[in-house]
There are 2 protein chains.
Amino acid sequence: MSYSIAEAARRSGLSIDTLRYYERIDLLEPPARDAAGRRAYSEEDLAWLSFLTRLRTTGMPIRRMREYAKLRRRGLASAGRRKVILVEQRGAVAERIAELQACLEVLDYKIDNYDRIEQADAALHREASA
Amino acid sequence: MSYSIAEAARRSGLSIDTLRYYERIDLLEPPARDAAGRRAYSEEDLAWLSFLTRLRTTGMPIRRMREYAKLRRRGLASAGRRKVILVEQRGAVAERIAELQACLEVLDYKIDNYDRIEQADAALHREASA
DNA sequence: AGTTGACCTGGAGCGCGCTCCAGGTCGTAC
DNA sequence: GTACGACCTGGAGCGCGCTCCAGGTCAACT
């Protein structure tokens, strides 16, 4: 089973342009082509894309993803170095989550303040119309 | 107490250029100036900067921060709309955290796989040298 | 008086990650 | 045979958030 670029885009959630772009910058091995020279993405291609989008979601820069992709092309021998990249990224993600949670607290605090302002305001109106 | 731009940069963690840039794009009210025309940031300026950097950390686009800043300049009357922005952002942050946590699981899974590869590899070496 | 260094302004430039475009080729449907 | 639509290529353009630069002013120090 293989997929046209439009199908691959739909399934990966990336745009057609982005798929071609990823190929150009060596994130993605050039997929097979059909008789007419059109890209035919395999299930494997899609699985790799799905992992790539995970990495992107974590905020990994494309430069680093290319590094990972390059290692992957070298096969098993590069497994150690690939693992290092993932472990590093895991750390970065954990940090980022902590950072966001701290921000969440600040937001909650501010929102609480606005709540109090609203209540004071409502009280004022009750008083005025009493 | 007021602070030179260098001090403000040090305390806010932003660069001097970024401070001037924020002022240019109306994120920051133009701070007071000393006799020589140099910026003199107040404690309030710094507090606002610190909140701004929180918002940036959550990934709020600058466009939206400007909106918030503009409302703030309009005083109490805009409190309701400012609250809406913060509540919305809180939602976005919560979503983002969830997304990152999902990615974390994928990373853990992949890293586990690499661990297994390493162990299998180590076993092979033991066998070979036995 | 001269040098240094922090600061000023307006504007250009940059790295990132796409996104869009022009101009062309195919295969299918009418 | 022609119109259409999906796809192709190479390359330009874009929005974001800074970052850097040239050329200048000013206060302090020697």
Side-chain angles (χ1 to χ4, degrees), chain A residues 2-42 45-46 49-70 89 92 96 99 103, chain B residues 2-42 45-46 49-70 89 92 96 99 103:
Chain A
S2 76
Y3 306 94
S4 72
I5 195 165
E7 254 304 286
R10 206 185 56 73
R11 294 194 180 230
S12 65
L14 297 168
S15 75
I16 290 178
D17 274 314
T18 299
L19 286 178
R20 288 197 279 243
Y21 167 66
Y22 277 9
E23 185 181 335
R24 250 195 293 200
I25 65 171
D26 293 319
L27 266 187
L28 195 57
E29 300 254 24
R33 298 288 178 129
D34 69 10
R38 287 185 234 119
R39 292 174 178 76
Y41 293 87
S42 68
D45 291 333
L46 289 186
L49 274 174
S50 133
F51 182 57
L52 281 183
T53 58
R54 287 293 184 169
L55 291 183
R56 277 298 295 134
T57 299
T58 68
M60 183 183 283
I62 282 192
R63 188 176 357 98
R64 197 115 176 92
M65 287 167 55
R66 289 179 62 191
E67 225 179 289
Y68 188 93
K70 194 174 164 194
Q89 192 61 16
R96 179 80 181 123
E99 199 176 49
C103 287
Chain B
S2 75
Y3 306 95
S4 72
I5 195 166
E7 254 304 286
R10 206 185 57 73
R11 294 193 180 232
S12 65
L14 297 167
S15 74
I16 289 178
D17 274 314
T18 300
L19 287 178
R20 287 196 281 241
Y21 166 66
Y22 278 8
E23 185 181 335
R24 250 196 294 199
I25 65 172
D26 294 319
L27 265 187
L28 194 58
E29 300 254 24
R33 298 287 178 130
D34 68 10
R38 287 185 234 119
R39 291 175 179 76
Y41 294 87
S42 67
D45 290 333
L46 289 186
L49 273 174
S50 133
F51 182 57
L52 280 183
T53 58
R54 286 292 183 171
L55 291 183
R56 277 298 295 134
T57 299
T58 68
M60 182 182 283
I62 282 191
R63 188 176 358 97
R64 196 117 178 89
M65 287 167 54
R66 288 178 62 190
E67 224 180 290
Y68 188 93
K70 195 175 164 193
Q89 192 61 14
R96 179 80 181 122
E99 198 176 50
C103 286

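These numbers were taken from a predicted model, which means no experiment stands behind them. Keep in mind that the numbers below use all heavy atoms, side chains included, and drop hydrogens, waters and symmetry copies. By convention in this document, chain letters (A, B, ...) are assigned in the order of the sequence lines, proteins followed by strands, and residues within each chain are numbered from 1.
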* Taking A/Thr57 for its side chain and A/Thr53 for its backbone only, find out whether a donor-acceptor pair lies under 3.5 Å. => yes
* How close do A/Asp26 and A/Ala69 get, heavy atom to heavy atom, and via which atoms? -> O-CB, 3.8 Å
* **Sole candidate of B/Ile16, B/Thr18, B/Asp17 that passes side-chain contact (heavy atoms from CB on, under 4.5 Å) when paired with B/Leu14** => B/Thr18
* To do: Would you mind reading off the bend of the helix from C/dA1-D/dT30 to C/dC30-D/dG1 from its two end axes, five pairs each, to 10 degrees?
  => 20°
* Structure fact -> Shortest non-hydrogen pair, B/Gly59 vs B/Gln89, comes out as C-NE2, 4.2 Å
* Would one find a side-chain N or O of A/Ser4 under 4.0 angstrom from OP1 or OP2 of D/dA6? -> no
* Structure fact -> Here the pair of heavy atoms bringing A/Ser2 nearest to A/Ala40 is OG-CB, 3.7 Å
* Is the closest basic N to carboxylate O distance between B/Lys70 and B/Glu67 below 4.0 Å? -> no
* Asked: Once you round it to whole Å, what is the distance between P of D/dA6 and CZ of A/Arg38?
  -> 11 Å
* Could you state the atom-to-atom distance from CD of A/Glu7 to C1' of D/dA6 in whole Å? => 13 Å
* Asked: Which is true for A/Arg63 with a 4.0 Å heavy-atom rule: it touches a base, it touches only sugar-phosphate, or it touches nothing?
  -> sugar-phosphate
* Pairwise side-chain contact, B/Ile62 with B/Tyr22, heavy-atom cut-off 4.5 Å (strictly under) -> yes
* Structure fact -> Here the pair of heavy atoms bringing A/Arg96 nearest to B/Thr58 is NH2-C, 4.3 Å
* To do: For A/Ile5 and for B/Gly59, locate the closest nucleotide of DNA chain D by heavy-atom distance; then report the residue assigned to the nucleotide nearer the 5' terminus.
  => A/Ile5
* **Residue whose nearest DNA chain D nucleotide is more 5′ - B/Ala36 or A/Gly37** => A/Gly37
* Asked: Which part of the nucleic acid does B/Arg20 contact within heavy-atom distance under 4.0 Å: base, sugar-phosphate only, or nothing?
  -> base
* Asked: Any idea which heavy atoms bring B/Pro61 and B/Arg56 closest together, and the distance?
  -> CA-NH1, 4.4 Å
* Contact boundaries on DNA chain C for chain B, cut-off under 4.0 Å to non-hydrogen atoms -> C/dC7 to C/dG11
* Indicate, with a heavy-atom threshold strictly under 4.0 Å, whether B/Arg24 touches base, sugar-phosphate, or nothing. => base
